[in-house]
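The structure under discussion appears below in the form of structure tokens.
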Amino acid sequence: MGQTLVHKILGEHLAEGRLTAGEQIGIRIDQTLTQDATGTTAFLLYESMGAELVKTDLSVSYVDHNMAGFGPENHNDHLYLQTIAAKSGAYHSRAGNGICHQVHLERFGKPGATLLGSDSHTPTGGGIGMLAIGAGGLDVAVAMAGGPFYLKCPKVVGVKLTGELNDWVAAKDVILKLLSILTTKGNVGWVVECFGSGAALLSVPQRATITNMGAELGVTTSIFASDEQTRKFLAAQKREEDYRPLAADSDAEYDRVIEINLSELEPMAACPSSPDNVKAVREVSGLETRQVVIGSCTNSSFADLMMVAAVLKGRRINEMVEFAIAPGSRAVLDMLAENGALAQVISAGARILESGCGPCIGQGFSPADGVVSLRTFNRNFAGRSGTKGDQVYLVSPETAVVSALTGRVTDPRDAQDLFGMAYPRIELPDEFAVNDNMIEPPLNQGKVARIEVLRGPTIVVPETPKPLPKNLTSQVLLKCGDKITTDHIMPAGTFLKLRSNVPEYAKVVFNCFNEEGKPTFAQRALELKRRGIGGVIVAGESYGQGSSREHAALCPMYLGVRVVIAKSIERIHKANLINFCIVPVEFADPGDYDNVEQGDELRIGYLLEAVKSENEIKIARADGAYEFAGRLALSERDRQILLSAGLLDYTRSKVDA
Ligand code: MIC
Ligand code: SF4
């Protein structure tokens, strides 16, 4: 039986374990990426490990998330990241150079390599044939120090793409279709591998849109083969030497195959407020929209924006629509400026935002109350835009720009009838503008020694977890439902600037559930902590969906949370909980979820013993009103990390040994 591409790359990087689905393996990491919102913690923890120069082939520290600069926090972070990158032998991509995933694809991604990034959309690199995985910052710090990355050997779902995209139908519609099939739940432990005649026709940026938003499926990563499209893209980036042809064997067996005929696809939209709430644009067309944004790491490539410019040329954005573009990288912006496309967009009435995450992470451009906002992003979790009750629809750039002209959600295929407009098919240029003057490469040894790391007062070294107690007296601090995302747990938006200051940031844990006039989650948690009672969070399915932000574990840990009991927990978040010594427990019988109430006092006896060696743990209400079994789905390494009071101490003890 032939091998999948995923297994080939895993095999080439295997450091521990066997390539059998479900078994824990350790893989060698070639490249890492961090971004400012997760990078400060990652580098602070890296420093705490006592590591000096990075041991990877290449590590890049990007600044792209947090650039608003209200108050000194952001700039403090930028200066710390710039100087610690120099001290650690990492590349540093400065604020304004673009979104980490877009820049990494353009300048560093390499077919067949492994990339670990402290951002859930790291799988964007799968578009260029790399095995690119998102993880918490501490896992990335360990990889920078040369440690393997541990994961369950995944099952592979082959997505066979046939046919060819019709005019006005985009790569975004492919991933939205896949989200409608697989949803955002229940895909932990899988990888998506796209293949087939349809896949071969997609360009690298189109593939990257699909692998990027594959993160919303909750899979470990997504990947395409490295072929002639990949070679062309790398040649245009003037680094053809990084090309290497790679594909699955022709008789590769997938654990499951899904076929999508690209010729049959139509424009799609993810409706409020989940990326898997997918409908055909036709079904929602006619809805008035007041705001349209083109950008984010999903859809802000050169081809995307050239298409947008071509549609806007000589036309005017509807007067009731605020329209903005945020090019994915400075190179893209540069090229649009050089070739005149930017002028077309500006004269049509667009607002030009920085090359960065911007509105995607609630950094401005929040929609007005009650209005429909169309965005080319990957996430529309409730409130992520910064507006409570927001109505965010995720669509392709094609749907977004045509709707910006009409002021209503519009199927872009109607552009011919409405505006007499043929589809502007954009070919990738033979050469991209390559200008790396906002990327600082690693320094030589002599210069490294002279670097002084700048640490502003808003950069606070995070507290490390306390060891687990033998028995835990605890109380349910919060009971929440299904699909709780890390945006629910740790809001970003205006709070993003607190990422380097855990005591401050922890004040807004579960802010969306706080009610006016009542003690906040943080206040209740700290009161329990003061009394020596461990906090417990109870949740439904897919707890911790979405981002890789380890603050969703780090801040609850700081507040004294010791256990999360959920029907199921998503991959990255579960790893983050373990890394910060919070025990992840799943209901053995999901029906028991119904018995537990917020405020219940729980007895979790023999916690330490169970973590050491048991697969189940008994949990009872203190007054004996109910008792149930919790599942401990932990690898041997997970157990060791929990017993060592978290990954940092575990790593230190291994280094000492
Ligand atoms: C996101 O898209 O949610 C983020 C912001 O990029 C996060 C990382 C973070 O919270 O810093 C992610 O996707 O991992
Ligand atoms: Fe940035 Fe949005 Fe991409 Fe996250 S999803 S990396 S916030 S652009």
Side-chain angles (χ1 to χ4, degrees), residues 33-42 61-68 74 77 81 93 95 98-105 116-125 132-137 139-140 175 184 208-209 211-216 218 221 270 275 293-301 304 325-329 332 353-365 375-381 383-386 392 394 485-493 495-500 505 508 544-555 570-573 575-576:
L33 72 77
T34 47
Q35 40 87 343
D36 52 312
T38 55
T40 45
T41 320
S61 163
Y62 292 93
V63 177
D64 54 359
H65 276 62
N66 212 340
M67 307 196 293
N74 293 168
D77 285 353
L81 288 170
S93 171
I99 306 174
C100 55
H101 309 302
Q102 176 77 20
V103 177
H104 207 87
L105 193 75
L116 193 72
S118 62
D119 190 284
S120 64
H121 291 104
T122 304
T124 313
I133 301 176
D139 278 319
V140 176
I175 185 61
T184 59
T209 293
T211 58
N212 170 286
M213 202 171 171
E216 273 41 78
T221 188
V293 197
I294 311 238
S296 93
C297 53
T298 321
N299 273 122
S300 55
S301 69
D304 283 340
I325 62 161
S329 70
V332 170
L353 307 181
E354 268 192 288
S355 282
C357 298
C360 180
I361 192 57
Q363 297 293 293
F365 223 78
R375 298 169 166 222
T376 64
F377 307 169
N378 47 36
R379 291 189 173 143
N380 58 347
F381 303 143
R384 181 172 159 106
S385 68
V392 174
L394 307 173
T485 71
T486 53
D487 281 75
H488 290 108
I489 307 171
M490 271 332 310
F495 302 113
L496 197 60
K497 68 177 189 177
L498 302 175
R499 283 284 175 95
S500 321
Y505 196 26
V508 293
Q545 269 192 13
S547 88
S548 69
R549 64 191 69 151
E550 63 194 341
H551 295 80
L554 178 53
C555 293
E570 293 294 304
R571 175 187 67 88
I572 305 181
H573 186 60
N576 285 335

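Just follow the structure's listing: the first ligand is 1, and inside any ligand the first atom is 1.
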Q. With distance as the sole test, does Thr221 use its side chain to make a donor-acceptor pair with the main-chain N or O of Ala132 at under 3.5 Å?
A. yes

Q) Against heavy atoms of Ile361, which atoms of ligand 2 measure under 4.0 Å? A) 7 (S)

Q) Any idea which residues sit under 4.0 Å from ligand 1, heavy-atom distances? A) Gln35, Ala37, Thr38, His65, Asp119, Ser120, His121, Ile361, Arg379, Arg384, Arg499, Ser547, Ser548, Arg549

Q) Looking at atom 2 (Fe) of ligand 2, what's its closest protein heavy atom, distance included? A) Cys360 SG, 2.3 Å

Q: Mark up the atoms of ligand 2 that fall under 4.0 Å of a heavy atom belonging to His101, in ascending order.
A: 6 (S)

Q) Any luck finding a side-chain donor-acceptor pair between His121 and Asn378 under 3.5 Å? A) yes

**Q.** Closest approach of Pro491 to Arg549 (non-hydrogen atoms, all atoms of both residues)
**A.** C-NH1, 4.3 Å

(Q) Does only the side chain of His65 get under 4.0 Å from ligand 2, or the backbone, or both, or neither? Count heavy atoms. (A) side chain

**Q.** Within reach of ligand 2, part of Gln35 (heavy-atom separation under 4.0 Å)
**A.** neither

Q: Please report the shortest heavy-atom distance between Ser118 and Gly137, naming the atom on each side.
A: CB-CA, 3.9 Å

Q: Using side-chain contact (heavy atoms from CB on, under 4.5 Å) as the criterion, point out the one residue from Thr38, Asp119, Asn74 that pairs with His65.
A: Asp119

Q.
Does only the side chain of Asp119 get under 4.0 Å from ligand 2, or the backbone, or both, or neither? Count heavy atoms.
A. side chain

(Q) Test your reading of the model: is there a side-chain donor-acceptor pair from His104 to the backbone of Gly125, 3.5 Å cut-off? (A) no

Q. For residues Thr41 and Glu550, is any side-chain donor paired with an opposing acceptor at under 3.5 Å?
A. no

Q. Closest approach of Gly544 and His573, non-hydrogen atoms and distance?
A. O-CB, 3.5 Å

**Q.** Residue, atom name and distance, where the atom is the protein heavy atom closest to atom 8 (S) of ligand 2
**A.** Cys297 N, 3.3 Å

Q) Is there a donor-acceptor pair closer than 3.5 Å between any side-chain N or O of Arg379 and the backbone N or O of Gly546? A) yes

Q. Would Lys497 and Asp77 pass as an ion pair if we require N to O under 4.0 Å?
A. no

Q: Answer side chain, backbone, both or neither: which part of Asn378 comes under 4.0 Å from ligand 2, heavy atoms only.
A: side chain

Q) Of the protein's non-hydrogen atoms, which lies at the shortest distance from atom 1 (Fe) of ligand 2, and what is that distance? A) Cys357 SG, 2.3 Å

